[in-house]
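Working notes for the structure below.
Hydrogens, waters and symmetry mates play no part in the numbers below; they use all other heavy atoms, side chains included. A note on names: the letters A, B, ... follow the listed sequences, proteins ahead of strands, and every chain is numbered from 1.
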2 protein chains.
Amino acid sequence: MNQDIYQVQFLLERITGLLRNERRQLLAEYGLQPVQFEALNYLAHCNRYSDTPMAVTEYLGQTKGTVSQTLKVLETKGLIVKQGDSKDKRVSHLKLTEAGSEILDTQQLSPQLAQLESQLLNDCYQPLQNLLTSMQQANQSRPFGQCRQCRHNTELAQGQYLCELTKEPLQEQETLLLCREFERP
Amino acid sequence: MNQDIYQVQFLLERITGLLRNERRQLLAEYGLQPVQFEALNYLAHCNRYSDTPMAVTEYLGQTKGTVSQTLKVLETKGLIVKQGDSKDKRVSHLKLTEAGSEILDTQQLSPQLAQLESQLLNDCYQPLQNLLTSMQQANQSRPFGQCRQCRHNTELAQGQYLCELTKEPLQEQETLLLCREFERP
DNA sequence: TTATTATTGTTTCGACTCGAAACTATAAGG
DNA sequence: CCTTATAGTTTCGAGTCGAAACAATAATAA
């Protein structure tokens, strides 16, 4: 019983350990660390409500001080730019630069996974998705889901969406991004 | 197609990120780091051919210098002891102390996972196992499997085993441990 | 309005991680 | 016997991370 839990935990840690080592090696030529890449990757997939240092902090589960340093490195390397929020002067928005997007495009996919039969990965998808969802529900950590599946999102017409939380209309594409305010229906 | 790969990779990294953060917090009271725990955990589950610093190095995928420091910390904290090999004077064997085993017993299982429905985890087991196996095959990294499933292992009689590689008999229990020389049948 | 409190984000510090390279000691092979 | 390979340690420099102090702005209460 508990043994099963341990086995799955073992597999998860082992697989991700291998992926992490692989990524570390690949990123070395860019002078990037795994955690910096994770932040960059998040910023590429989050919406305009969720591209702030605080959102990254929540996503990575680290302290804001730590994240602040991570972001400083990314900015110094010219992979992201910081833009002040127009309404709340405390808040910054972080956008990927061309260079940032390029690194992401080339490094996003693990070569180790890419060379496997896709069936192997497909078999993992749904069980892992269920697992993550349950973990987030059980720990009231923010799920960071896609707008489109959020209970604050309503489809006005075909391809036209509205976020009830911000009262702002959303583009079709925007609703596929990750949002820190995401809540399940 | 590639999108599927990315999704699974995303889920793996997200789940393990949560587990890693959880573990970091839990280990803080012992003054242990995640990587130190991983080494300790490995040493608790490997056999007597695989409890050396070099084996830990291969398992963790780091450099021997890095691992040497990790092990030094564990030894200083009294969680492991170093024993010289009787035949090869270059080699050390690392054994868990009482204190080391205790920490492992209390910290091994993730509370976050333990509170979930076990069905959720069971659904993940086989797909993940297949994934890991394929990854190891594709990357000639050592699989670190159980003796009992190794092609060098033969069952002489019920509960009596022999390793053809070392020509040594193995106890029933030993064949359930991880071995660095493991090869698939 | 004004004072208090909360929130966002940065900076600094100290302990720890990690790879690279130099180094020691022992083993193996020609 | 000499050379090469292997196991392991040490040192160094760049980076990670949390804690705590700090500044600036926003929200709330009196």
- Only pairs at least two apart or in different chains count here, so list each ring-ring contact (aromatic ring centres under 6.0 Å, His included) that has a residue in residues 63-116 of chain B. none
- The bend of the helix from C/dT1-D/dA30 to C/dG30-D/dC1, taken between the axes of its five terminal pairs at each end and rounded to 10°, is 20°
- Message: What residues from residues 13-49 of chain A pass a heavy-atom cutoff of under 4.0 Å to DNA chain D?
- Response: A/Gln33, A/Val35, A/Gln36
Test question: given the 4.5 Å side-chain rule for I, L, V, M, F, W and Y, name all other residues clustered with [X], or answer none.
X	result
A/Leu170	A/Tyr49, A/Tyr161
B/Leu156	B/Leu162
B/Leu165	none
A/Leu177	none

- By side-chain contact (heavy atoms from CB on, under 4.5 Å) - contacts of A/Ser110 (at least two apart): A/Leu19, A/Glu22, A/Gln112, A/Leu113, B/Gln9
- Roughly, in whole Å, what's the span from NZ in A/Lys89 to P in C/dT10? 17 Å
- Task: Grab the NZ-C1' distance between A/Lys87 and C/dT8 for me, whole Å please.
- Result: 17 Å
- Query: What class does the angle between the rings of A/Phe144 and A/Tyr59 fall in, given that below 30° is parallel, 30 to 60° is tilted and above 60° is perpendicular?
  - Reply: perpendicular
- Task: Sequence neighbours left out, what pairs pass salt bridge (charged side-chain N to carboxylate O under 4.0 Å, His left out) with at least one residue falling in residues 44-57 of chain A?
- Result: A/Arg48-A/Glu168, A/Arg48-A/Glu174, A/Asp51-A/Lys95
- Task: Scan residues 29-42 of chain B for pairs that pass salt bridge (charged side-chain N to carboxylate O under 4.0 Å, His left out), counting only residues two or more places apart or in two chains.
- Result: B/Arg20-B/Glu38
- Could you run through nucleotides 3-14 of chain D and give me one letter per nucleotide, 5' to 3': B if any protein heavy atom sits under 4.0 Å from the base, S if only the sugar-phosphate is that close, - if neither? --BBBBBBB---
- Task: Report the residues that fulfil ring-ring contact (aromatic ring centres under 6.0 Å, His included) with A/Phe37, sequence neighbours left out, ordered by chain and then residue number.
- Result: none
